[in-house]
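Structure record follows, encoded as structure tokens.
Heavy atoms only: backbone and side chains are in, while hydrogens, waters and symmetry mates are out. Numbers restart at 1 for each chain; the letters A, B, ... are given by sequence-line order, proteins then strands.
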Amino acid sequence: MTETELPKIYDHTEVERRWYDHWEKQGYFRPRDGEGLPFVTLIPPPNVTGSLTIGHAFNHTIQDVLTRWQRMTGVPTLWLPGFDHAGIATQNVVERKLTAEGKSRHDLGREAFMNEVWKWKEHYHARITEQMRRIGDSVDWSRERFTMDEGLSRAVREVFVCLYKKGLIYRGNRIINWCPRCLTALSDEEVEYQELDGKLYHLMYPIKGTQKHIVVATTRPETMLGDVAVAVHPKDKRYTPLKGKTAILPFLRREIPIIFDDSVDPKFGTGAVKVTPAHDPNDFELGQRHGLTPIVVMDPSAVMNENAGDFRGLTREAARARIVEALQDRGLIARIEPHRHSIGHCQRCDSVVEPYLSLQWFVSMKPLAKPALEAIEKGELAILPRRWEKVYLRWLEGIRDWCISRQLWWGHRIPVWTCAKCAETIVEVEPPTRCTKCGATDLKQDEDVLDTWFSSWLWPFSTLGWPEDTEDLKRFYPSSVLITGPDIIFFWVARMVMAGYEFMGKAPFPVVYLHGIVRDAQGRKMSKSLGNSADPIEISEKYGADSLRLTLLLLSPQGSDIHFSDERVDLGRHFANKLWNAFRLVAPHLRDYTPDEQAARPFLTDADQWILSMLGTTARQVTRNLKAYRIGDAAKDLYDFTWRELCDWYLEMAKPRLYAGPDAPGAEAVRFTIHRVFSTVLRLLHPFMPYLSEELWHALPGTEGDVCVAEWPAPGRAANKETEAKIELLKEIVGSIRNLRSEMNIPPARKAPVLIRATGPEAEIIRGQAELIALLSKAEPLETGSSVKKPAVAASTVVRSHEIFLPLEGLIDVDTERKRLERELDKVVRDFDQSMRKLQNEDFLGKAKKDVVERERTRLESLGMTKEKLERNLEVLR
RNA sequence: GGGCGAAUAGCUCAGCUGGUAGAGCACUUGCCUUACACGCAAGGGGUCACAGGUUCGAGCCCUGUUUCGCCCACCA
């Protein structure tokens, strides 16, 4: 490979096209055979509703980094891909499409509609698969699953039947959350509450046989048509005279009792509450306690029904307006006051949810929650960052029964049949052919489907073949870690833990790592419905998939949200380009090179030893951070090492030896060092930037196979502190000279003489580094030593205790230089005084740690010398 | 009403066991130096939200306050 073969600007499009198929064909993504605990992670199955967002790309990147890293350490790895049918969400988008075509799902009928949804699913499945390949997800496609495939559907039925037989699934007429637009029941978790400004209406109900009224406060006057009582607190003196009385419901003239119940808060509103058991969860319970029969006044689409008298046919909103108007006409509204309260909305369509009495299927959650609660305490489950554990625990402690039936078509049909003849309920995994009680063959299956999460909560074992006792299930359950966002702790994480204990006897994963949510520049969550997320493929085309991955990680401190915008991907793109060009610099000099550590080691320079030492430290840090799920920190370690140490310093130091050619002295050492550094960095970098690292790995001589399965760098020997200190000193001196040159307006390309009057033991080190100092600061000639004479006219500075002079006869403006030195001295004096005060403080000397005091003493000494020398040099200018 | 999180440079954020405040972007100056202008070198810029406290020493620990964000809760 020659320089001319490598373009100046890294072209990711060309490189990223090349490797994915290769890795896949090699079978790297399938778990290798072998002993030892495998590393297993399960994808949070993306919804087939639409394509992936940047949020997904972030979630996948974390999983892929961990999976690729583990693969390189040699353990068998499995990242199992799959997709979620996403019941309501998917049905909604397909229905929306039909609406646009002027059709409804009922025009098509159940079967034809299902075909439409399957087509939709196929389309987006293909799209998502393509996206995952582009961003480099190293998933095992041979094990791909879908929540509605045959095996998972079987698992769903098995679980339903099992829980039913245990008495943990039951059917009941209860108040549930009803979406009048989706026309289905929802679980409590699918309702999103929003604080909104509303009104509190004080309605006057006439008391029978008197001229008086009882005033009830409500936010929803339209539900008054379903009122069956008025309730007050038993100890509320205002209402004790009304014992045994009844009120007359306006419009309907229904006579309703005044009842007494502890649950009424005398301090709220008027202390009297209308009771509407069919449209309010509290009222429902209250009604049950008092034996009241609920009256449903709306139809499923929240239009007033035949029980609403003259208001029949009005929407609930229209009914409210008309009822308030009519009551006002009759003087039955005491007052209306503003009232802020939270109102439930459908998670999927944002309609106001109606508490609605209806017959649904439920899971008793309390018994299932118990082991999931204990899991944390027993240490069988950890949620990172730890603060989320409280959220998880609190939800489980207050858990309520789960409404699992949905009045939809897209989903798993409930495995319950009713006998047309004897009305027997039959609950079976496989469709029965005849009634188990009377033998009749006319059986009708429940029309409803199950909540989409009723399949997702089985994901950790259903994807591995459960209920069959498969090899995969034995080998890969439980998985190693779950990577997901905190927004689905309740929907998914907690429920998976419950199902894991219930059906497998143990937690589905020992660790849950919850990463932040990707937001747009305005702080809104990236979502399909908002349309504020770029397509990862578009970003990959424009900036590169590697760049996207690295950027997301660099932007994400552990566990907090990230603010993303397209342009920020420049961060990753620029890094990719930097690495590419560093490689372009070294590649021609490594042609035909075969690493030989034995031959090189005796000739390693300080610079070589220094970068190798830093490399080792970086490798250790990266591994340590990955183990702690500090993925972003690991990425930063590599970014900083590559750019700040390798490119900014080492490669500059290595250039003369590289340019001198392969036969010059020192060539062996520099080639060895560079080879070692690049082959290590490329391996460390591979989990983060799989494409670029693979490309360069193949371009680097002396490497074998693919970096995808290369050995993860070993921790290596401890840092070489002595050499690191030498180079640190060198950096400081070079920095000071560059600063002087810059202040004196010496053009970068121009060489300029420099004198260093070095003192003490470091003088020897400086002499040893003179060649590099000269190279890096364009100092020519460079004179160092303890006896160096200060030139008559010179810009000067002090590093530690060493004086640096730039003789600038005729070029220097004395006034400018004096001001500069004064500024510098000022700073040193401030530090010196502060340090002095500290060391004069008895408490500090007595109570601070020895090494802290010692460090302070050294610092003061050094500051003192610097001060003294600056003053002396300044004196000359004055 | 409860809980959690955040507040550090103009912007987005690091700062892990208290010991000399950092990065990227943006800005200023000089450079197309034979890897890279997607770059190099130098530089400016901070009462670490506020008020107390603990400590020899606080961005970090404790208490309270303010502002923002998120989650939970049967506020008719």
With a 4.0 Å cut-off on heavy atoms, is [X] in touch with a base, just the backbone sugar-phosphate, or nothing at all?
{"X": "A/Arg573", "value": "base"}
{"X": "A/Asp648", "value": "sugar-phosphate"}
{"X": "A/Gln621", "value": "nothing"}
{"X": "A/Asp570", "value": "nothing"}
{"X": "A/Arg644", "value": "sugar-phosphate"}
{"X": "A/Arg394", "value": "sugar-phosphate"}
{"X": "A/Val264", "value": "base"}
{"X": "A/Phe564", "value": "nothing"}

Which atom of A/Asp227 lies closest to which atom of A/Ile256, heavy atoms considered: O-CG2, 3.7 Å
Just compare [options] and give me whichever is closest to any side-chain atom of [X].
{"X": "A/Arg630", "options": "B/A76, B/C36, B/C16", "answer": "B/C16"}
{"X": "A/Asp843", "options": "B/G19, B/C56, B/G24", "answer": "B/C56"}
{"X": "A/Arg568", "options": "B/A35, B/U12, B/U33", "answer": "B/U12"}
{"X": "A/Lys838", "options": "B/C71, B/G19, B/A76", "answer": "B/G19"}
{"X": "A/Tyr639", "options": "B/C13, B/G24, B/C38", "answer": "B/G24"}
{"X": "A/Phe268", "options": "B/C36, B/A41, B/C75", "answer": "B/C75"}
{"X": "A/Arg387", "options": "B/C4, B/A76, B/G3", "answer": "B/C4"}
{"X": "A/Arg400", "options": "B/G19, B/G39, B/A73", "answer": "B/A73"}
{"X": "A/His339", "options": "B/A35, B/A41, B/C75", "answer": "B/C75"}
{"X": "A/Trp643", "options": "B/A35, B/C38, B/C40", "answer": "B/C40"}

Identity of whatever pairs with [N] - Watson-Crick or G-U, under 3.5 angstrom:
{"N": "B/C40", "value": "B/G30"}
{"N": "B/A35", "value": "none"}
{"N": "B/G57", "value": "none"}

Presence of donor-acceptor pair under 3.5 Å, side chain of A/Lys8 and base of B/C36: no
Side-chain donor/acceptor of A/Glu652 to base of B/A35, under 3.5 Å: yes
Worked verdict on A/Gln621 versus A/Thr618 for side-chain hydrogen bond (donor to acceptor under 3.5 Å, both in side chains): CA-CA 5 Å; A/Gln621 276 174 353; A/Thr618 304; 5.2 Å; no
Residue whose closest nucleotide on RNA chain B lies nearer the 5' end, A/Thr219 versus A/Asp640: A/Asp640
Most 5' of A/Ser342 and A/Cys647 on RNA chain B, judged by nearest nucleotide: A/Cys647
A/Phe58 and A/His515 aromatic ring geometry - parallel, tilted or perpendicular at 30°/60° bounds: perpendicular
State whether [X] places a side-chain N or O below 4.0 Å from either non-bridging phosphate oxygen (OP1 or OP2) of [N].
{"X": "A/Asn577", "N": "B/G39", "result": "no"}
{"X": "A/Lys578", "N": "B/C40", "result": "yes"}
{"X": "A/Lys390", "N": "B/C4", "result": "yes"}

Cation-pi, A/Trp395 ring and A/Arg400 (6.0 angstrom, 45 degrees): no
Any side-chain donor near an acceptor of the partner, A/Glu541 and A/Thr13, under 3.5 Å: no
Side chains of A/Glu824 and A/Thr797, donor plus acceptor under 3.5 Å: yes
Determine all donor-acceptor pairs shorter than 3.5 Å in which one atom belongs to a side chain in residues 733-748 of chain A; sequence neighbours excluded.
unit_1: A/Ser736; atom_1: OG; unit_2: A/Glu732; atom_2: O; d: 3.1
unit_1: A/Arg738; atom_1: NE; unit_2: A/Leu776; atom_2: O; d: 3.2
unit_1: A/Arg738; atom_1: NH2; unit_2: A/Leu776; atom_2: O; d: 3.2
unit_1: A/Arg741; atom_1: NH1; unit_2: A/Arg750; atom_2: O; d: 3.1
unit_1: A/Arg741; atom_1: NH1; unit_2: A/Lys778; atom_2: O; d: 3.3
unit_1: A/Arg741; atom_1: NH2; unit_2: A/Pro747; atom_2: O; d: 3.0
unit_1: A/Arg741; atom_1: NH2; unit_2: A/Pro748; atom_2: O; d: 3.4
unit_1: A/Arg741; atom_1: NH2; unit_2: A/Arg750; atom_2: O; d: 2.7

Interatomic distance, A/Arg220 CZ vs B/A76 P [rounded to whole Å]: 11 Å
